[in-house]
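The next block holds one structure in the form of structure tokens; read it before the comments.
Numbered from 1 within each chain, the chains take letters A, B, ... in sequence-line order. Every heavy atom of this structure was used, including side-chain atoms; hydrogens, water molecules and symmetry mates were not.
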Number of protein chains: 2
Amino acid sequence: MKEKLKEHIEKLIPITDDELSFVLSHFSLENYKKNDFLFQKGEKVKNCYFIISGLLKLVYDDHDGKQHIVSFAMEDWWESDFSAYFSETEAKMSLQCIEDTRVFSISFKNYEKVLTESPKMQQFFLKKSNLGHIASQNRVLSFLTSNAKERYEQLFQQYPILFQRVPKTLLASYLGVSRETLSRFYS
Amino acid sequence: MKEKLKEHIEKLIPITDDELSFVLSHFSLENYKKNDFLFQKGEKVKNCYFIISGLLKLVYDDHDGKQHIVSFAMEDWWESDFSAYFSETEAKMSLQCIEDTRVFSISFKNYEKVLTESPKMQQFFLKKSNLGHIASQNRVLSFLTSNAKERYEQLFQQYPILFQRVPKTLLASYLGVSRETLSRFYS
DNA sequence: TTGTAATAGTGATCTTTGTCACACAGATAT
DNA sequence: ATATCTGTGTGACAAAGATCACTATTACAA
């Protein structure tokens with residue numbers, strides 16, 4: 001468990017065991033069951049999560065009650081409603097388990113503490129944030145350059161595992177296409 | 001000019017004049033004319049830019065030769081092909097002036113130097129990166145939840161100034177809609 | 001075990017958006 | 001001054017995708 005986070009951090013920044021235990025002391029280990037919410041729309045978002053195992057969806061509910069999946073979060077991902085987390089306000093999205101899930105959770109206060117006391121972790125979070133920004137920009141790009149079928153094929157190439165773990169209906173609402181249209185792409 | 005960058009930084013992090021001059025010594029002031037490229041697809045991306053005045057487009061050219069606008073960059077914005085900049089590789093996008101433009105430019109080496117020697121600037125860039133990530137995610141969300149006309153209206157609400165400074169053809173390619181369809185939205 | 005969700009596939013039809021063709025105005029260069 | 005390029009609007013038609021209706025299968029809870 002601790003190893004998982006250590007390996008994850010060391011992909012970007014080398015870190016000693018001492019530093020790691022300092023960092024870990026600011027996280028708490030939490031377990032959730034399928035369909036549990038880590039937070040819901042309208043609630044204050046107190047935590048950011050590192051996913052140790054399991055699978056989640058970050059969902060936006062529009063005015064018609066339709067669900068839109070902003071992202072799937074898997075092992076080794078960080079997830080939250082970052083807008084709400086960093087500004088300590090109410091979530092406009094919900095984070096819900098698709099499978100039983102285990103996470104390390106960090107409060108905003110602790111996040112700030114880790115940042116100020118560990119330059120390495122600040123470097124780590126900066127790199128991580130840059131990568132997140134780039135990933136979102138690439139997703140924008142796929143909406144600009146590709147039609148629904150192409151986006152489906154790109155997703156299949158990038159995360160084939162999702163097609164085994166996630167109902168097609170959810171994939172559709174991640175791709176921005178109706179479930180019927182998605183279904184016709186592979187029939 | 002220096003004032004502009006100082007005010008910009010201080011929106012997120014207080015900074016002394018000494019720190020500012022240290023930071024500024026790592027930037028260089030550059031001027032470009034309408035249609036000039038700051039970098040083009042395929043070139044190494046050596047710099048990241050803070051825009052003092054003017055207007056730019058970050059463009060992705062697809063295999064059919066169609067242009068897609070990933071973002072417009074205005075006064076007070078930071079822009080680059082961040083994926084290429086941070087990994088010191090070739091641009092997959094181009095950055096081109098829509099108007100005459102004045103920027104502060106910072107090389108990747110200098111960026112890293114500023115980060116390691118100024119904790120405040122590291123804080124600043126972290127916050128900035130988080131905001132960039134959130135903005136991109138919101139753009140994804142608008143593709144998921146809204147049709148072309150709604151996206152057009154959202155853009156008009158958020159950046160009315162663009163509609164005076166940018167040809168409709170470019171707005172269309174930012175919104176992910178054909179120029180003809182865009183034209184029909186307000187006629 | 002039986003009834004109820006949730007998931008998935010598919011035909012028919014409607015709506016949105018893209019593409020092609022053309023006209024025209026304004027800017028810019030020679 | 002005139003030719004050329006850019007930007008824009010619009011009609012006609014084609015294509016992509018959404019919606020609605022119905023069916024079937026599987027998973028799961030009482």
*asked:* From the set D/dT10, C/dT17, C/dT7, return the single nucleotide nearest to any side-chain atom of A/Pro167.
replied: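 Closest nucleotide among those given: C/dT7.
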*Can a salt bridge be assigned to the pair B/Asp76 and B/Lys4 using a cut-off of 4.0 Å between side-chain N and carboxylate O?*
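Salt bridge present between B/Asp76 and B/Lys4.
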_Salt bridge present between B/Asp100 and B/Lys33 (N-O < 4.0 angstrom)_ = yes
*What string of B, S and - do you get for nucleotides 20-30 of chain D, 5' to 3', when a contact is any protein heavy atom under 4.0 Å?*
BB---------
Could you check how far [atom1] of [X] sits from [atom2] of [N], rounded to whole Å?
X	N	atom1	atom2	answer
A/Asn35	C/dA5	CG	P	15 Å
B/Arg151	C/dT16	CZ	P	14 Å
B/Leu182	C/dT19	CG	P	14 Å
B/Asp64	C/dC20	CG	P	11 Å
B/Phe185	C/dG18	CZ	C1'	11 Å
B/Leu171	D/dG9	CG	P	11 Å
A/Asp62	D/dA18	CG	P	14 Å
B/Ile98	D/dG7	CD1	C1'	14 Å

*Side chain proximity check, A/Thr101 to A/Asp36, heavy atoms < 4.5 angstrom*: no
_Beyond-backbone contact of A/Trp78 with A/His8, side-chain heavy atoms, under 4.5 angstrom_ = yes
Any side-chain N or O of [X] below 4.0 angstrom from OP1/OP2 of [N]?
X	N	value
A/Lys66	D/dT19	yes
A/Thr169	C/dA6	no
A/Tyr186	C/dG9	yes

*Pick out which of A/Leu56, A/Val166, A/Leu55 makes a side-chain contact (heavy atoms from CB on, under 4.5 Å) with A/Glu99.*
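Single pass found, and it is A/Leu55.
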*Passing option when A/Ile106 is tested against A/Val23, A/Val114, A/Asn47 for side-chain contact (heavy atoms from CB on, under 4.5 Å)*: A/Val114
Measure up the [X] and [Y] rings against each other and bin them: parallel (under 30°), tilted (30 to 60°), perpendicular (over 60°).
X	Y	result
B/Tyr49	B/Tyr32	perpendicular
B/Phe156	B/Phe163	perpendicular
A/Phe104	A/Phe50	parallel

*Touch check for B/Thr181, heavy atoms < 4.0 angstrom, all strands: base, sugar-phosphate only, or nothing?*
base
*With a 4.0 Å cut-off on heavy atoms, is A/Ser178 in touch with a base, just the backbone sugar-phosphate, or nothing at all?*
base
*A/Ser21 (side chain) donor-acceptor with A/Asp18 (main chain) under 3.5 angstrom*: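 Such a contact is found between A/Ser21 side chain and A/Asp18 backbone.
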_How bent is the helix from C/dA6-D/dT25 to C/dT30-D/dA1, measuring the angle between the end axes built from five pairs each, rounded to 10°?_
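End-to-end axis angle: 40°.
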_Please classify the glycosidic conformation of C/dA5 as syn (within 90° of 0) or anti (everything else)._
syn
